[in-house]
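These notes are about the structure you will find just below.
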Amino acid sequence: MLGLPAHVRACLFDLDGVLTQTAKVHAAAWKEMFDGYLRERATREGTAFVPFDAVDDYDEYVDGRPREDGVRTFLAARGVHLAEGSPDDPPEAETVNGLGHRKNLLVLRRIREDGVEPYEGSVRFVHAAREAGLRCAVVSSSANCRDVLVAAGIEDLFDERIDGVVARERRLRGKPAPDTYLEAARALGAEPDEGAVFEDALAGVEAGRAGRFGMVVGVDRVGQAEQLRAHGADVVVRDLAELLESR
């Protein structure tokens, strides 16, 4: 009835880009942070400034990953390797944690100023899943997950939340490793093959495939359907409402 295999008992949703319209907010914050840093570095070293691409670089190196992994992975692609620093590093620090903190402040400012809107089709799908007796969890790399859910008015729709804060406390590897999704399935009392993963990020569908979940649904918000399939999505939709309309 939901466009899912009959044996699925649990639905595991990514946050940004699947449930809420915050992926573009994150992409803009990443670009603002990286461009500022790369410009400073180019000026200091006398090299050309090559900006961060908010589409290609975001999708390839940042989207769906824990914040520090995003910093590390993108900079490594540019041949830049920084000290890790510590979680207490200020945003001015030229460390992985410092740049991550700088990006987080930018995204929080944007969310505070602009608010958060959920995707209406996703909210309809979650309501339908709950009415069908399926348990639901949010699985996000973001440490701001709860704040975003509250701002969007959808926190009460989910039985469990495995986010960046929980991942750090429990030492779970971030996407594309399947750890956070596996933890969410355990919390819902479901085996991986009884769970459906809903992701818009390439790293996220990789995590769903690596965890051997019963179904991996790619949500194509930016025209990357083929890449989502190549990275592990069983089916790709532009909006979760399409699954309801397929009944």
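Quick caveat: nothing in here was measured; it's all calculated off a predicted structure.
You'll find the side chain of Val55 stays beyond 4.5 Å of the side chain of Val222, heavy atoms only. The side-chain heavy atoms of Val197 and Arg209, taken from C-beta on, include no pair separated by under 4.5 Å. Annotation: side chain of Arg109 is in contact with side chain of Glu32 (closest heavy-atom distance under 4.5 Å). Counting only heavy atoms from C-beta outward, the side chains of Glu160 and Val139 never approach each other to under 4.5 Å. Counting heavy atoms from C-beta outward, His26 and Arg110 have side chains that stay 4.5 Å or more apart.
A distance of 9.5 Å separates OG1 in Thr180 from CG in Leu12, rounded to the nearest 0.5 Å. Residue Arg67 holds its CZ atom at 7.5 Å from CZ of Arg168, rounded to the nearest 0.5 Å. Considering SG of Cys136 and CD1 of Ile154, their distance stands at 11.0 Å, rounded to 0.5 Å. Taken to the nearest 0.5 Å, the CD atom of Glu191 stands 13.5 Å off from the CZ atom of Arg212. Taking CD of Gln224 as the start and CG of Asp59 as the end, the distance is 4.5 Å to the nearest 0.5 Å. For the atom pair Ile162 CD1 and Leu188 CG, the distance stands at 8.0 Å (nearest 0.5 Å).
The minimum heavy-atom distance between Val123 and Pro118, with the atom names listed, is CG2-CB, 3.8 Å. Closest non-hydrogen pair, Ala93 versus Arg102, comes out as O-NH2, 4.3 Å. Residues His7 and Gly214 approach most closely at NE2-CA, 4.2 Å, considering heavy atoms. In terms of heavy-atom proximity, Ala207 sits nearest to Pro178 at O-CB, 3.4 Å. The nearest pair of heavy atoms linking Gly218 to Ala233 is N-CB, 3.8 Å. Closest heavy-atom contact between Arg161 and Val166: O-CG2, 3.8 Å.
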Quiz prompt | side chain to side chain contact (heavy atoms under 4.5 Å, CB included) assessment of Val107 paired with Val25 | solution = CA-CA 7 Å; Val107 81; Val25 178; 3.8 Å; yes

Practice problem: Check the pair Val148, Leu15 against side chain to side chain contact (heavy atoms under 4.5 Å, CB included), reporting the backbone distance first and the verdict last. | Solution: CA-CA 9 Å; Val148 171; Leu15 178 67; 3.9 Å; yes

Self-check item: Residues Arg221, Asp239; criterion salt bridge (charged side-chain N to carboxylate O under 4.0 Å, His left out); working and verdict
Solution: CA-CA 8 Å; Arg221 304 289 190 191; Asp239 188 90; 3.1 Å; yes

Exercise. Carefully, step by step, assess Leu134 and Leu4 under the rule side chain to side chain contact (heavy atoms under 4.5 Å, CB included).
Key: CA-CA 11 Å; Leu134 278 63; Leu4 304 175; 4.2 Å; yes

Exercise. Under the side chain to side chain contact (heavy atoms under 4.5 Å, CB included) rule, what do Leu2 and Leu243 come out as? Steps first, then yes or no, please.
Key: CA-CA 6 Å; Leu2 297 167; Leu243 296 172; 5.9 Å; no

Practice problem: For side-chain hydrogen bond (donor to acceptor under 3.5 Å, both in side chains), just list the numbers for Thr22 and Thr20, CA-CA rounded to whole Å, side-chain angles, deciding distance to a tenth of an Å, and then say yes or no. | Solution: CA-CA 5 Å; Thr22 40; Thr20 58; 2.7 Å; yes

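A salt bridge links Glu84 with Arg72: the distance from a Lys NZ or Arg NE/NH1/NH2 to an Asp or Glu carboxylate oxygen falls below 4.0 Å. Checked for salt-bridge contact, Arg78 and Asp57 meet the test: a charged N lies under 4.0 Å from a carboxylate O. Using a cut-off of 4.0 Å between Lys/Arg side-chain N and Asp/Glu carboxylate O, Asp16 and Lys24 are scored as not salt-bridged. The pair Arg186-Glu183 meets the salt-bridge criterion, since a charged nitrogen lies less than 4.0 angstrom from a carboxylate oxygen. Lys31 has a carboxylate O that lies under 4.0 Å from a charged side-chain N of Asp35, or vice versa, which qualifies the two as a salt bridge. We find that Lys175 and Glu206 are not joined by a salt bridge, their nearest charged nitrogen and carboxylate oxygen being 4.0 Å or further apart.
Residue Leu157 is grouped with residue Leu149 when hydrophobic side chains (ILVMFWY) are merged at heavy-atom distances under 4.5 angstrom, including chains of intermediate members. Cluster membership for Met215 and Val18, using ILVMFWY side-chain heavy atoms within less than 4.5 angstrom, is shared. Put simply, Val165 and Leu108 are part of two different groups of oily side chains (I, L, V, M, F, W, Y) that touch within less than 4.5 Å, one to the next. Linking ILVMFWY residues whenever their side-chain heavy atoms come closer than 4.5 Å, directly or via other members, leaves Leu202 and Val219 in distinct clusters. One hydrophobic cluster holds both Leu240 and Val138 under the rule that ILVMFWY side chains link at heavy-atom gaps under 4.5 Å.
Partner of Phe198 under the ring-ring contact (aromatic ring centres under 6.0 Å, His included) criterion, out of Tyr119, Tyr181, Phe125, Phe213: Phe125 alone.
Taking Ile, Leu, Val, Met, Phe, Trp and Tyr as hydrophobic and joining them when side-chain heavy atoms fall under 4.5 Å apart, one finds Leu38 in a cluster with Trp30, Met33, Phe34, Tyr37, Phe49, Phe52, Tyr58, Tyr61, Val62, Val71, Phe74, Leu75, Val80, Leu82, Val96, Leu99, Leu106.
Summarising the local packing, CZ of Arg171 is surrounded by 12 or fewer heavy atoms from other residues, nucleotides or ligands at distances under 6.0 Å.
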